Amino acid sequence: MQNQRGVHVLVVIYPAQGHINPLIQFAKRLASKGVKVTVATTPYTIKSIHANTISIEPISDGFDEGGFKQASSLETYLESFKTVGSTTLAELIVKFNNSGTPVSCIVYDSLLSWALDVAKEFGIYAAMLLTNSASVCSLYWQINQGRLTLPMKQEALAAPMPGLPSLGFSDLPSFLTQPAKHYAYLSLILDNTGALDKNDWVFCNSFEELERELVKALMGLWPVEMIGPLVPSFYLDHQIEGDTSYGASLWKQDKDQCLKWLDSKPLKSVVYVSFGSMSSICSKQFEEIAWGLKASNMPFLWVAKEFKDEQLLEFTDSVGERGLFVTWCNQLEVLAHQAVGCFVTHCGWNSTLEGLSLGVPMVCVPQWSDQPTNAKFLADVWKVGVRTKKDEGIVTREELEKCLREVMVGERNEEIKSNASKWKEHAKRAVSIGGSSDRKIDEFIAELGKSKD
Ligand code: UDX
């Protein structure tokens with residue numbers, strides 16, 4: 001490991017699990033290459049981060065005790081983070097500059113575009129890190145540029161850009177199909193995409209092989225570089241010793257219980273079910289999934305953080321040892337376990353990349369945000385799973401059972417498994433030394449060694 005003298009990267013993190021994970025992992029990757037890295041995030045998030053190769057410093061969102069939950073609305077929270085965050089980030093940079101470890105570059109989450117203004121104020125490099133796929137970001141960008149208009153129409157979009165497939169209405173991010181409902185996120189995202197070309201780098205948590213055609217089309221429009229998948233290296237290339245978790249969990253994990261239970265199950269027999277950190281399914285959907293799993297006769301491990309004991313009890317009694325419910329787990333350890341044969345996922349971008357990187361076939365049950373578009377790619381472009389159909393907004397028990405059978409034992413089982421293994425190999429190659437993503441990170445570090453004009 002080379003010491004990258006004088007290079008100091010400040011990674012600014014938005015405090016939600018699906019954002020903390022890739023940014024922490026990027027920080028660890030840089031640190032493993034000898035770069036001094038400091039992570040800046042909110043005080044209550046800092047308590048959940050355990051990563052010994054990086055330093056952590058607080059910046060404030062104006063709600064230091066409990067963050068988002070304390071704010072009266074999402075709009076209030078985002079506005080407060082922008083105002084108080086900009087000031088406290090600038091103070092942190094001054095502190096480093098005065099203590100002989102000046103900051104060379106700010107790498108910031110794409111939800112925090114005010115960090116770009118702070119970088120400009122100090123004349124230092126700025127890099128935005130996109131936590132969605134390049135495909136999804138390109139859709140937001142096309143709206144920002146007036147190439148696509150809101151509200152999106154019901155008819156399909158025929159190949160809206162090279163590298164994007166034709167997208168039906170149900171394949172589009174919910175922010176675009178229900179703009180009024182998601183106004184706060186949408187306006188933030190559209191503002192940010194307007195600033196993409198003002199950055200020195202736009203890093204995307206994806207890899208060239210996955211979105212090759214699209215990235216070619218984007219080059220020249222924004223300074224985009226694919227540097228993912230930002231998944232702990234233990235699962236891909238073993239570059240960072242002992243890197244088996246992101247090192248930042250907002251929930252307490254049931255680690256030993258999950259692994260012990262999985263150890264008792266046959267090879268590739270278990271269905272792992274999770275809807276990520278931000279989605280919550282309604283009671284009706286919970287029930288349909290539960291009875292679909294029961295009818296499949298397959299063992300399952302379900303992360304059901306939002307359900308009350310009474311609702312679970314009746315069901316768990318009826319499935320006995322065949323089902324395990326936990327409130328949170330180390331998803332990577334679970335996906336990497338030899339007993340897991342299928343991932344029933346909401347298709348959050350991190351879960352999508354984790355399933356692909358670990359070669360696990362998927363049943364897609366997208367909920368909102370970018371998830372419908374990710375599901376479209378998983379099922380129809382990368383062909384590593386199937387997407388459930390909804391009936392009045394609900395995936396029925398019959399539909400879930402049908403999809404589980406299709407993926408686990410149906411006619412397409414071999415094809416899906418073989419595609420999943422292929423993507424696992426591509427992901428591994430991208431982040432291995434000299435791989436497409438690894439080279440981009442090296443080029444970034446080399447550039448930081450030069451002074452910004
Ligand atoms: C959301 C969006 O859906 C996602 O696309 C966006 O880019 C970030 O915000 P989230 O709903 O949390 O994220 O889903 P996902 O992106 O899949 O992230 C969840 C993370 O939590 C994953 O890294 C996953 O490994 C982790 N996780 C989930 C656990 O560690 N344990 C669990 O039990 C469940």
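Counting convention: from 1, in listed order, for ligands and their atoms alike. Only a predicted model underlies this, so the values are computations on that prediction, with no experimental measurement involved. We use all heavy atoms of the structure for the numbers below, so side chains are in, but hydrogens, waters and symmetry mates are not. Along the sequence shown, residues are numbered consecutively beginning with 1.
With I13 as reference, V39 is the one residue of L129, V39, N21, D109 to meet the side chain to side chain contact (heavy atoms under 4.5 Å, CB included) rule.
Ring planes of W368 and H182: tilted class, angle from 30 to 60°.
In terms of protein heavy atoms, atom 13 (O) of ligand 1 is closest to G18 CA, 4.0 Å. In terms of protein heavy atoms, atom 4 (C) of ligand 1 is closest to W349 N, 3.5 Å. The protein atom (non-hydrogen) at minimum distance from atom 11 (O) of ligand 1 is H346 NE2, 3.1 Å. Looking only at heavy atoms of the protein, atom 27 (N) of ligand 1 is closest to W328 CZ2, 3.3 Å.
More than 12 heavy atoms of other residues, nucleotides or ligands lie within 6.0 Å of CG in L267, so this atom counts as buried by the packing criterion. In this structure, K82 places its NZ atom where only 12 or fewer heavy-atom neighbours from other residues, nucleotides or ligands lie under 6.0 Å away. The neighbour count for K424 NZ, taken as heavy atoms of other residues, nucleotides or ligands under 6.0 Å away, does not exceed 12. The number of heavy-atom neighbours closer than 6.0 Å to CZ of F169, taken from other residues, nucleotides and ligands shown, is above 12.
With a 4.0 Å heavy-atom cut-off, ligand 1 is reached by the side chain of V303 but not by its N, CA, C or O. Contact annotation: for M278 versus ligand 1, heavy atoms closer than 4.0 Å belong to both the backbone and the side chain. Contacts between F275 and ligand 1, counted as non-hydrogen atom pairs separated by less than 4.0 Å, are absent for every part of the residue. Under 4.0 Å from ligand 1, the heavy atoms of S274 that appear belong solely to its side chain.
Note that the CD1 atom of I20 and the CG atom of L23 stand 9.5 Å from one another [nearest 0.5 Å].
In summary, the atoms of ligand 1 found under 4.0 Å from a heavy atom of N21, numbered by their order in the structure, are 20 (C), 21 (O), 22 (C), 23 (O), 26 (C).
The backbone N or O of I189 lies less than 3.5 Å from a partner atom in the side chain of T193, making a donor-acceptor pair.
Of the listed options P173, S351, G276, S277, S277 places a heavy atom closest to atom 12 (O) of ligand 1.
Considering backbone and side-chain N/O of Q17, none are found under 3.5 Å from N/O of ligand 1. Below 3.5 Å of separation, one finds an N or O of E354 facing an N or O of ligand 1.
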